[in-house]
Structures are given as C-alpha cells and as structure tokens.
Novice: 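Please read through the structure below; I'll follow up with questions.
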Amino acid sequence: MQEMLVEQQDRFYYLTVMNANYPQPPIPSGGGVREGILKGLYRLPGDGKAHVQLLGSGAIMTEVLAARVLLKRDWGIDAAVWSVTSYVELHRDGIDCERRARLHAESATPLPFVSQVLAGAEGPVVAVSDYMRALPELIRAFVPRRYVTLGTDGFGRSDTRAALRAFFEVDAASIVIAALKALADEKAIASARVTEAILKYGRDAGAAASWTR
C-alpha cells in the first residue's frame with residue numbers, strides 16, 4: 001500500500017485468499033530453489049529419479065503430494081513434485097525467449113527457464129490447477145516432453161472440497177489416472193493399468209465432462 005498509493009510507484013500487488021489450510025514449509029537451502037521460486041518453478045525435495053513429473057500450485061499441492069504417494073504405493077511408480085509459483089512468469093519468460101530469438105536470428109537461441117529445468121527430468125509432465133486448464137496451458141509450448149493439464153473447467157458448484165475436486169477431476173486419484181495414461185501413451189506401462197486405476201478409485205469412465213454439467 002505504501003509503494004502503490006503513497007509513493008506512487010508503478011507496481012501492483014494482490015492477495016489471493018483461499019479457503020483451505022495447508023502447511024507452508026521453509027525454503028530449502030541450495031539447489032537453486034530461491035531462483036526457481038522467483039522465476040516460477042522449483043522441484044520439491046524427494047528422490048532423485050522419477051518416472052513422471054507432477055506440477056502443482058497453491059492449495060491443490062496437497063492433492064499432488066497425495067498423488068505421489070498413491071503412484072508409489074499402488075503402482076510402484078516414482079514421481080517428482082514441482083511447485084509452480086507463477087505460470088504467468090514462466091509464460092512471459094518463454095515468449096520473451098521467442099522474441100529475442102526472432103530479433104537476433106544469428107545468435108544462439110535462448111532457452112526458456114521451464115525448458116531448462118525440465119530438460120533433465122524423465123517421463124511425462126502432469127500439471128494440475130485449481131483454476132481453469134487455460135492457466136497451465138500457458139507453458140505448453142515450452143515444456144520439452146509430453147504435457148498433460150488438469151483444471152477446474154466448468155460451472156460453479158457448492159459441495160465439499162473433496163467432492164468438488166473429484167467432480168472436476170483434479171483430486172489425487174484423478175492425477176494418478178492422468179499420470180498413468182501419459183505413461184501408457186509413451187509405452188512405459190500397459191494401457192490396462194489405466195483401466196485398473198479407474199476401477200480401483202471408483203471413477204465412472206462414462207461420466208460427462210465437468211464443463212458440460
């Protein structure tokens with residue numbers, strides 16, 4: 001308020017208020033985490049090798065972390081979890097790299113930050129948002145591997161948080177199913193395992209999409 005209104009600086013701050021409580025751990029030391037937080041993406045501590053990459057942000061991160069547990073417990077698949085602090089910043093960096101490459105065609109092509117950090121990762125990337133899928137779709141052009149997005153596309157509804165996340169297919173079970181399908185598309189696992197997961201987690205494969213109901 002001091003900077004925006006009193007000092008009249010050309011800055012804009014906003015506060016997003018959520019209705020879910022979840023822990024905010026301290027910033028891990030080393031590993032370029034602080035840089036990742038400021039640029040829009042960093043990996044949470046975990047095992048070094050993973051077969052699939054899960055991207056989450058804000059309150060939906062609890063579902064992403066739960067999905068990592070389910071993937072390991074139920075399917076023997078290791079997943080890495082990444083926190084997206086800003087899809088918008090990642091998008092801006094990506095289109096800036098495109099612009100610089102276009103205007104300096106004889107120079108080395110700059111690589112977007114999201115492309116750099118995911119270049120050494122293994123397997124498909126599944127991005128989950130409490131917002132519409134259009135938000136994680138902002139960085140599709142810069143993700144260097146198979147990319148799957150989940151979001152809350154559809155009309156406003158009133159129900160429990162768990163029921164709503166299952167309805168919009170952004171809960172832990174839905175993330176697992178999406179990850180398994182992406183792995184099956186890459187021939188890393190059999191397609192039958194996706195069907196097994198749908199049955200195991202009690203999902204209705206014939207249900208209409210959330211944006212049609």
Side-chain angles (χ1 to χ4, degrees), residues 14 16-20 22 36 39-44 50 52-68 70-71 79-95 97-98 112-115 117-118 121 123-186 191 194 197-198 201 203-213:
Y14 66 92
T16 301
V17 180
M18 309 296 286
N19 64 351
Y22 56 95
K39 290 189 173 183
L41 177 68
Y42 70 96
R43 179 172 171 168
L44 272 62
V52 64
Q53 313 299 316
L54 305 179
L55 275 57
S57 55
I60 205 66
M61 183 59 76
T62 56
E63 297 296 328
V64 175
L65 291 171
R68 176 168 67 175
L70 292 179
L71 280 167
V81 173
W82 301 73
S83 176
V84 181
T85 56
S86 178
Y87 282 107
V88 174
E89 284 300 314
L90 294 174
H91 172 72
R92 286 173 177 164
D93 173 67
I95 60 176
C97 287
E98 288 182 336
F113 180 73
V114 65
S115 303
V117 297
L118 291 176
V125 178
V126 179
V128 192
S129 175
D130 259 339
Y131 296 95
M132 294 175 64
R133 286 179 57 185
L135 183 61
E137 284 288 335
L138 284 172
I139 65 170
R140 175 176 290 278
F142 315 116
V143 177
R145 56 193 67 256
R146 185 180 299 276
Y147 187 52
V148 179
T149 60
L150 302 177
T152 54
D153 294 71
F155 302 97
R157 299 172 69 89
S158 178
D159 208 327
T160 65
R161 187 175 294 112
L164 288 171
R165 286 177 173 165
F167 174 82
F168 286 110
E169 298 174 359
V170 293
D171 62 338
S174 297
I175 298 169
V176 170
I177 292 168
L180 293 175
K181 179 60 168 66
L183 287 167
D185 288 342
E186 296 194 341
S191 298
V194 184
I198 293 172
Y201 301 125
R203 298 308 161 91
D204 180 6
S210 60
W211 54 87
T212 66
R213 290 190 269 170

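Only a predicted model underlies this, so the values are computations on that prediction, with no experimental measurement involved. Along the sequence shown, the residues carry numbers beginning at 1.
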Novice: Got a second to check how far F113's CZ is from L90's CG, nearest 0.5 Å?
Specialist: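 CG of L90 is found 7.5 Å from CZ of F113.
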
Novice: Which residues satisfy the salt bridge (Lys or Arg N to Asp or Glu O under 4.0 Å) test with R161, sequence neighbours excluded?
Specialist: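 R161 satisfies salt bridge (Lys or Arg N to Asp or Glu O under 4.0 Å) with no residue once adjacent residues are dropped.
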
Novice: So how far is it from R92 CZ to C97 SG, rounded to the nearest 0.5 Å?
Specialist: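 Answer rounded to 0.5 Å: 14.5 Å.
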
Novice: Can you list everything that forms a side chain to side chain contact (heavy atoms under 4.5 Å, CB included) with A178? Sequence neighbours excluded, please.
Specialist: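 A178 satisfies side chain to side chain contact (heavy atoms under 4.5 Å, CB included) with V126, V148, L150 only.
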
Novice: Using the side-chain hydrogen bond (donor to acceptor under 3.5 Å, both in side chains) criterion, which residues pair with R140? Sequence neighbours excluded.
Specialist: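 Partners of R140 by the side-chain hydrogen bond (donor to acceptor under 3.5 Å, both in side chains) criterion, ordered by chain and then number, come out as E137.
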
Novice: I need the L70 CG to I175 CD1 distance, nearest 0.5 Å.
Specialist: 9.5 Å

Novice: Looking at residues at least two apart in the chain, or sitting in another chain, which of them share a side-chain hydrogen bond (donor to acceptor under 3.5 Å, both in side chains) with D153?
Specialist: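 Checked D153 against side-chain hydrogen bond (donor to acceptor under 3.5 Å, both in side chains); zero matches.
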
Novice: Let me confirm one number: the CH2-CG distance from W82 to L44, rounded to the nearest 0.5 Å.
Specialist: 10.0 Å

Novice: Could you tell me whether K39 and E89 have a side-chain N and a carboxylate O separated by less than 4.0 Å?
Specialist: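 So K39 does not pair with E89 through a salt bridge.
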
Novice: Checking T152 now: which residues fulfil side-chain hydrogen bond (donor to acceptor under 3.5 Å, both in side chains) with it, not counting sequence neighbours?
Specialist: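 T152 satisfies side-chain hydrogen bond (donor to acceptor under 3.5 Å, both in side chains) with no other residue.
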
Novice: Pairs in or reaching into residues 166-177: which pass salt bridge (Lys or Arg N to Asp or Glu O under 4.0 Å), with residues at least two apart or in two chains?
Specialist: D171-R203

Novice: So, for R133 and G151, which heavy atoms are closest and what is the spacing to 0.1 Å?
Specialist: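 Nearest heavy atoms, R133 then G151: CG-N, 3.2 Å.
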
Novice: Rounded to the nearest 0.5 Å, what separation is found between the OH atom of Y87 and the OG atom of S129?
Specialist: 6.0 Å

Novice: Once salt bridge (Lys or Arg N to Asp or Glu O under 4.0 Å) is applied, do any residues pair with E98, and if so which ones, sequence neighbours excluded?
Specialist: none

Novice: Is NZ or CZ of R213 both nearer than 6.0 Å to the six-membered ring centre of F155 and within 45° of the ring axis?
Specialist: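 Not flagged: R213 not positioned over aromatic ring of F155.
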
Novice: Can you confirm whether T85 sits close enough to Y42 that some side-chain heavy atom of one is under 4.5 Å from a side-chain heavy atom of the other?
Specialist: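 They are in contact (side-chain heavy atoms under 4.5 Å apart), so the answer is yes.
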
Novice: Kindly give the heavy-atom pair with the smallest separation between M61 and G56, and that separation in Å.
Specialist: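 In terms of heavy atoms, the two residues are closest at CE-O, 3.3 Å.
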
Novice: From D130 CG over to I60 CD1, what is the distance, rounded to the nearest 0.5 angstrom?
Specialist: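 Spacing of CG (D130) from CD1 (I60) equals 4.0 Å.
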
Novice: With sequence neighbours left out, write down each residue that passes side chain to side chain contact (heavy atoms under 4.5 Å, CB included) with R146, or none if nothing qualifies.
Specialist: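 Per chain and number, R146 pairs via side chain to side chain contact (heavy atoms under 4.5 Å, CB included) with P124, A182, D185, E186.
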
Novice: With sequence neighbours left out, what residues match Y22 under side-chain hydrogen bond (donor to acceptor under 3.5 Å, both in side chains)?
Specialist: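 Testing Y22 for side-chain hydrogen bond (donor to acceptor under 3.5 Å, both in side chains), a comparison that skips the adjacent residues, returns none.
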
Novice: Under the side chain to side chain contact (heavy atoms under 4.5 Å, CB included) test, which residues partner T160, sequence neighbours left out?
Specialist: A162, A163

Novice: Ignoring hydrogens, what is the shortest heavy-atom contact between A197 and L180? Give both atom names and the distance.
Specialist: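 Of all heavy-atom pairs spanning A197 and L180, the closest is CB-CD1, 3.5 Å.
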
Novice: Minimum heavy-atom separation for R145 and G123, please, with both atom names.
Specialist: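 Closest heavy-atom pair between R145 and G123: CD-O, 2.7 Å.
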
Novice: A205: which residues meet the side chain to side chain contact (heavy atoms under 4.5 Å, CB included) condition with it, sequence neighbours left out?
Specialist: I198

